[in-house]
Amino acid sequence: MIELQGLSKTYRSLFGTRVVPALDDLTLTLARGEVVGVAGPNGAGKSTLISLLLGYLRPTQGQVQVDRMPPRRWVERHGVGYQAELVAIPGRWSVEGALQRYTVLSGVPRAQLNQRVDALLSDFGLAEQRRKRVRELSKGNLQRLGLAQALAGDSDLVVLDEPTHGLDPLWTQRFRDVVRDLRRPSRLILIASHNLDELERLADRVLILHQGRLQRVVTAGAGPAEAAVARPLVYRLALTTKHAAVGRVFPAAEAVEGRDAEWLVRGDLETLNRGLAELVGAGALVASFTPEQSRLESEFRAAVRGEP
């Protein structure tokens, strides 16, 4: 659906004396049916990438196309579901009035307008807030209103920038259901977020940007054995009670401070599984064995540090 070829964007300082690179030589294909995450530290180029994909900016070099069309032309013809990082809705509008306006702009037929607004209010837990002014909303409710307006229409392109920012744990979990319900073969969903745990749960692929360059693409659930060979894993081992065999089986294990029967152990998957089997065979009762870092967290840290 989206083709990026040698995409680069630079900015000039206020007086034009300095060139600041924001994106550098990005080549990538994003397909319909995917949920694609975008991660990176502040200043990595995430916002610039989104602005280029939506046609708000033009590239300095290279090109970006949506279905072989310039992004802005495609968006004008087909629409886009877009939530900005900072939700900016006029504070004097009511919640219901805001959704009515955005639903009209999204191309929903007039005969279906009220039904669609009612559904959005219900789906995003805003029914009791419908008469409130936008300025009166809490941060979490404003964020949910921003999500609702982004999904008022039925576009095949959905772009969500920090969609869970300000949401409480309950609504963060519900957001996962929202994304799953949005999936369809014709739709591309792009989610930019600092929340790596959410991206790992939701995305098929995660693009890791750093200093304007695409450092790596992490595919969800792919190649765990290969990842383990490339980079040792850190797991937290918890037993029901202390056991002398831990020091023999995992000689480099580090005791977790304040925990009598928990250790951090390192190694590739084969070594860890072999050691765990030996530990159980020695009579230890394992309460839990969980990764200290997710695969995406590990890949993110390595990318930012410049590790292979």
Side-chain angles (χ1 to χ4, degrees), residues 1-7 9 23 26-38 45-60 62-90 97-121 123-124 143-163 175 177-193 199 202-207:
M1 183 176 189
I2 295 179
E3 292 280 349
L4 312 177
Q5 290 290 334
L7 186 65
K9 180 63 181 179
L23 279 180
L26 182 57
T27 297
L28 192 68
T29 299
L30 306 177
R32 293 177 184 271
E34 284 192 299
V35 176
V36 179
V38 182
K46 301 188 297 297
S47 296
T48 297
L49 175 59
I50 288 174
S51 294
L52 289 165
L53 292 179
L54 297 176
Y56 294 146
L57 296 175
R58 293 183 179 179
T60 305
Q63 66 176 359
V64 52
Q65 291 188 324
V66 184
D67 286 343
R68 298 185 176 87
M69 296 171 60
R72 200 65 210 158
R73 187 187 305 168
W74 192 93
V75 169
E76 288 169 353
R77 289 189 181 184
H78 303 283
V80 60
Y82 173 53
Q83 181 194 9
E85 180 178 3
L86 297 176
V87 178
I89 298 173
L99 286 180
Q100 287 175 337
R101 290 170 169 88
Y102 288 121
T103 302
V104 169
L105 291 173
S106 297
V108 175
R110 182 173 295 274
Q112 301 172 18
L113 180 64
N114 291 335
Q115 181 182 358
R116 181 59 181 151
V117 170
D118 287 342
L120 290 169
L121 290 168
D123 290 346
F124 289 93
Q143 191 73 3
R144 299 202 315 258
L145 178 58
L147 274 169
Q149 67 80 24
L151 304 178
D154 193 38
S155 176
D156 281 342
L157 177 60
V158 175
V159 179
L160 306 175
D161 195 356
E162 297 293 345
F175 174 72
D177 297 329
V178 169
V179 174
R180 293 187 185 104
D181 290 343
L182 283 173
R183 278 184 179 269
R184 68 187 187 198
S186 64
R187 175 176 283 154
L188 169 63
I189 304 170
L190 194 73
I191 304 173
S193 178
L199 290 183
L202 295 172
D204 302 307
R205 295 189 291 162
V206 178
L207 317 179

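- The two residues Y102 and Q149 have their closest heavy-atom pair at CD1-CB, 3.6 Å.
- A distance of 13.5 Å separates CZ in R58 from CD in Q63, rounded to the nearest 0.5 Å.
- The residues D67 and R77 are annotated as not salt-bridged, no charged nitrogen and carboxylate oxygen being separated by less than 4.0 angstrom.
- Closest non-hydrogen pair, A203 versus V36, comes out as CB-C, 4.3 Å.
- No side-chain donor-acceptor contact under 3.5 Å links Q112 to the backbone of P109.
- A donor-acceptor pair under 3.5 Å links the side-chain atoms of R101 to the main chain of G97, judged by distance alone.
- For R183, the CZ atom sits in a packed shell: over 12 heavy atoms of surrounding residues, nucleotides or ligands are nearer than 6.0 Å.
- Heavy atoms only, all atoms of each residue included: L199 and V38 are closest at CD1-O, 4.0 Å.
- With rounding to the nearest 0.5 angstrom, the CG atom of L53 is 5.0 Å from the CD1 atom of I2.
- In this structure, E76 places its CD atom where more than 12 heavy-atom neighbours from other residues, nucleotides or ligands lie under 6.0 Å away.
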Can you give me every donor-acceptor pair (side chain of residues 151-163, partner residue at least two apart or in another chain, under 3.5 Å) with its distance?
{"unit_1": "D154", "atom_1": "OD1", "unit_2": "R184", "atom_2": "NH1", "d": "2.9"}
{"unit_1": "D154", "atom_1": "OD1", "unit_2": "R187", "atom_2": "NH2", "d": "3.0"}
{"unit_1": "D154", "atom_1": "OD2", "unit_2": "R184", "atom_2": "NH1", "d": "3.4"}
{"unit_1": "S155", "atom_1": "OG", "unit_2": "G79", "atom_2": "O", "d": "2.7"}
{"unit_1": "S155", "atom_1": "OG", "unit_2": "L157", "atom_2": "N", "d": "3.0"}
{"unit_1": "S155", "atom_1": "OG", "unit_2": "L157", "atom_2": "O", "d": "3.2"}
{"unit_1": "D156", "atom_1": "OD1", "unit_2": "R184", "atom_2": "NE", "d": "3.4"}
{"unit_1": "D156", "atom_1": "OD1", "unit_2": "R184", "atom_2": "NH2", "d": "2.6"}
{"unit_1": "D156", "atom_1": "OD1", "unit_2": "S186", "atom_2": "OG", "d": "3.2"}
{"unit_1": "D156", "atom_1": "OD2", "unit_2": "R32", "atom_2": "NH1", "d": "3.2"}
{"unit_1": "E162", "atom_1": "OE1", "unit_2": "H194", "atom_2": "N", "d": "3.4"}
{"unit_1": "E162", "atom_1": "OE2", "unit_2": "H194", "atom_2": "N", "d": "3.1"}
{"unit_1": "E162", "atom_1": "OE2", "unit_2": "H194", "atom_2": "ND1", "d": "2.7"}

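- In plain terms, the two heavy atoms of L99 and A148 that are nearest each other are CD2-CB, 3.8 Å.
- Between A192 and I50, the shortest heavy-atom contact is CB-CD1, 3.8 Å.
- With hydrogens and angles ignored, the 3.5 Å screen pairs a side-chain donor or acceptor of R72 with a backbone N or O of L54.
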